[in-house]
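Because the structure is predicted, anything quoted here is derived from the model rather than measured. Counting from 1, the numbers follow the sequence of the chain as shown.
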Amino acid sequence: MNKIDQLASYLLDGDEERAIQLVEKEMNQTSRQEMMNDLLTPAMQHIGNLWENNKITVADEHLATAICDFILSRLDIHLAPVERNEKTVLLMGVQDEEHYIGLKMVSSIFKQYGWRVRYLGPNMPESHAIKAIERWQPDVIAISAALVHRIMAIQSLVLKLKEDYPDSEVVIGGRITQQIDLHTLLPSSVTIMDSLPSLENWVKEGGPSGKKIS
């Protein structure tokens, strides 16, 4: 059994200890972001596919998600930013989108590079998202979605943001970026992130300002 299937098995079995051990072993051999991209993400995607094909229950999927959430929170405790800056990112999932593990991984990357993170979580109604943006005035608004049928919610929110907050950078990520070509459905000024390494490179280059972090 490969390490991705092994981790998925531990998560579905509720074996928190072995899941943590496997993740920590991987981090001894690679970077935090590579571990999240190459191990945690595909393991959770595998679990999602099992659920979509009725091979596991909703309870199984929720148990695996809860343990993955705990692992990410545990890793964040020991996160030491490479430098501090004055930029703010607001993170959220579109309305009715319940998946949030990818969003937490994105949050970790921004934190590592010293950003102020405002994490709104999944399933954020558009009207409440707008109020949060008015309050925090973020430099970057990062939106996540996993399922293709969330595209209309993304389009509605993005068009509203581009009209009302033209100076804010809008970034779209999540599993949906691997399922459809968002470049043909969203304004050209929207940044599409199809992987965690792509996001990390963008953040290291300074995000919207272009000020590179060495």
Starting from the C-alpha separation in whole Å, work towards a yes-or-no answer on salt bridge (charged side-chain N to carboxylate O under 4.0 Å, His left out) for Glu24 and Arg74. CA-CA 11 Å; Glu24 290 180 344; Arg74 177 186 171 113; 3.4 Å; yes
Test side chain to side chain contact (heavy atoms under 4.5 Å, CB included) applied to Leu11 and Met44, step by step: CA-CA 9 Å; Leu11 294 173; Met44 290 304 297; 3.8 Å; yes
Output, in order, the C-alpha distance, side-chain angles, deciding distance and verdict of side chain to side chain contact (heavy atoms under 4.5 Å, CB included) for Leu147 and Ile176. CA-CA 6 Å; Leu147 305 176; Ile176 192 173; over 6 Å; no
One pair to check against side chain to side chain contact (heavy atoms under 4.5 Å, CB included): Glu200 and Asn37. What are the steps and the verdict? CA-CA 11 Å; Glu200 183 180 18; Asn37 190 72; over 6 Å; no
After noting the C-alpha distance and the side-chain angles of Glu98 and Asn123, does the key distance pass the side-chain hydrogen bond (donor to acceptor under 3.5 Å, both in side chains) rule? CA-CA 6 Å; Glu98 298 293 347; Asn123 191 15; 3.2 Å; yes
Would you sort out whether Leu161 and Ile143 count as a side chain to side chain contact (heavy atoms under 4.5 Å, CB included), showing the intermediate values? CA-CA 11 Å; Leu161 296 178; Ile143 304 167; 4.0 Å; yes
Begin with the C-alpha distance, continue with both residues' side-chain angles, and end with the deciding distance and a verdict on salt bridge (charged side-chain N to carboxylate O under 4.0 Å, His left out) for Lys3 and Glu26. CA-CA 9 Å; Lys3 61 187 179 183; Glu26 184 69 12; 2.8 Å; yes
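Taking the side chain as every heavy atom from C-beta outward, Tyr100 and Tyr119 approach each other to under 4.5 Å. Residues Arg116 and Asn85 form no side-chain contact, since every pair of their non-hydrogen atoms from C-beta on lies 4.5 Å or further apart. Side-chain contact between Leu75 and Arg32 is present, with heavy atoms from C-beta onward closer than 4.5 Å. Between Ile133 and Ile141, some side-chain heavy-atom pair lies under the 4.5 Å cut-off. With a 4.5 Å cut-off on side-chain heavy atoms, Ser9 and Leu12 do not count as touching. Residues Val89 and Arg118 form no side-chain contact, since every pair of their non-hydrogen atoms from C-beta on lies 4.5 Å or further apart. At a threshold of 4.5 Å between non-hydrogen side-chain atoms, the residues Trp115 and Ile109 do not count as touching. Annotation: side chain of Thr57 is not in contact with side chain of Trp51 (no heavy-atom distance under 4.5 Å).
By the side-chain hydrogen bond (donor to acceptor under 3.5 Å, both in side chains) test, Gln6 pairs with Tyr10, sequence neighbours left out. Every salt bridge (charged side-chain N to carboxylate O under 4.0 Å, His left out) that Glu52 has, sequence neighbours left out, goes to Arg175. Looking at residues two or more places apart in sequence or on another chain, you find a salt bridge (charged side-chain N to carboxylate O under 4.0 Å, His left out) between Asp15 and Arg18.
Looking only at distances, no side-chain donor or acceptor of Ser168 sits under 3.5 Å from a matching main-chain atom of Val140. Side-chain atoms of Asn201 come within 3.5 Å of backbone atoms of Pro197 as a donor-acceptor pair (strictly under, hydrogens ignored). Between the side chain of Glu163 and the main chain of Lys160, no donor-acceptor pair closer than 3.5 Å is present. Although no hydrogens or angles enter the test, the distance criterion places no donor-acceptor pair under 3.5 Å between the side chain of Gln155 and the main chain of Leu186. Judged purely by atom type and a 3.5 angstrom limit, Ser108 uses its side chain to pair as donor or acceptor with the backbone of Lys104. Not a single donor-acceptor pair under 3.5 Å links the side chain of Asp38 to the backbone N or O of Met35. For Ser156 (side chain) and Ala153 (main-chain N/O), no donor-acceptor pair under 3.5 Å exists by modelled atom type. Arg150 contributes a side-chain N or O that, together with a main-chain N or O of Asp96, makes up a donor-acceptor pair within less than 3.5 Å. Not a single donor-acceptor pair under 3.5 Å links the side chain of Ser198 to the backbone N or O of Asp194. A distance-only check finds a donor-acceptor pair linking the side chain of Asn53 to the backbone of Asn49 [under 3.5 Å].
Crowding of Glu17 atom CD: a count of heavy atoms from other residues, nucleotides or ligands under 6.0 Å not exceeding 12. Within a 6.0 Å radius of NZ in Lys162, more than 12 heavy atoms belonging to other residues, nucleotides or ligands are found. Heavy-atom neighbours of Trp202 CH2 from other residues, nucleotides or ligands within 6.0 Å: above the threshold of 12.
In this structure, OG1 in Thr191 is found 10.5 Å from CG in Leu199, a value given to the nearest 0.5 Å. Once rounded to the nearest 0.5 Å, the distance linking CD of Gln178 with CD of Gln45 reads 5.5 Å. Atoms CD1 and CG, on Ile154 and Leu182 in that order, are 6.0 Å from each other to the nearest 0.5 Å. Separating the CG atom in Asp76 from the CE atom in Met105 is a distance of 11.0 Å, to the nearest 0.5 Å. To the nearest 0.5 Å, the span separating CD on Gln33 from CE on Met27 amounts to 8.5 Å. If you take CD on Glu16 and CD1 on Ile71, they are separated by 7.5 Å, rounding to the nearest 0.5 Å.
Linking ILVMFWY residues whenever their side-chain heavy atoms come closer than 4.5 Å, directly or via other members, leaves Phe110 and Ile172 in distinct clusters. Linking ILVMFWY residues whenever their side-chain heavy atoms come closer than 4.5 Å, directly or via other members, leaves Val190 and Leu159 in distinct clusters.
Scanning all heavy atoms of the two residues, the minimum distance from Ala43 to Ala8 falls at O-CB, 4.0 Å. Scanning both residues, Met124 and Ala129, for their nearest heavy atoms gives CG-CB, 3.8 Å.
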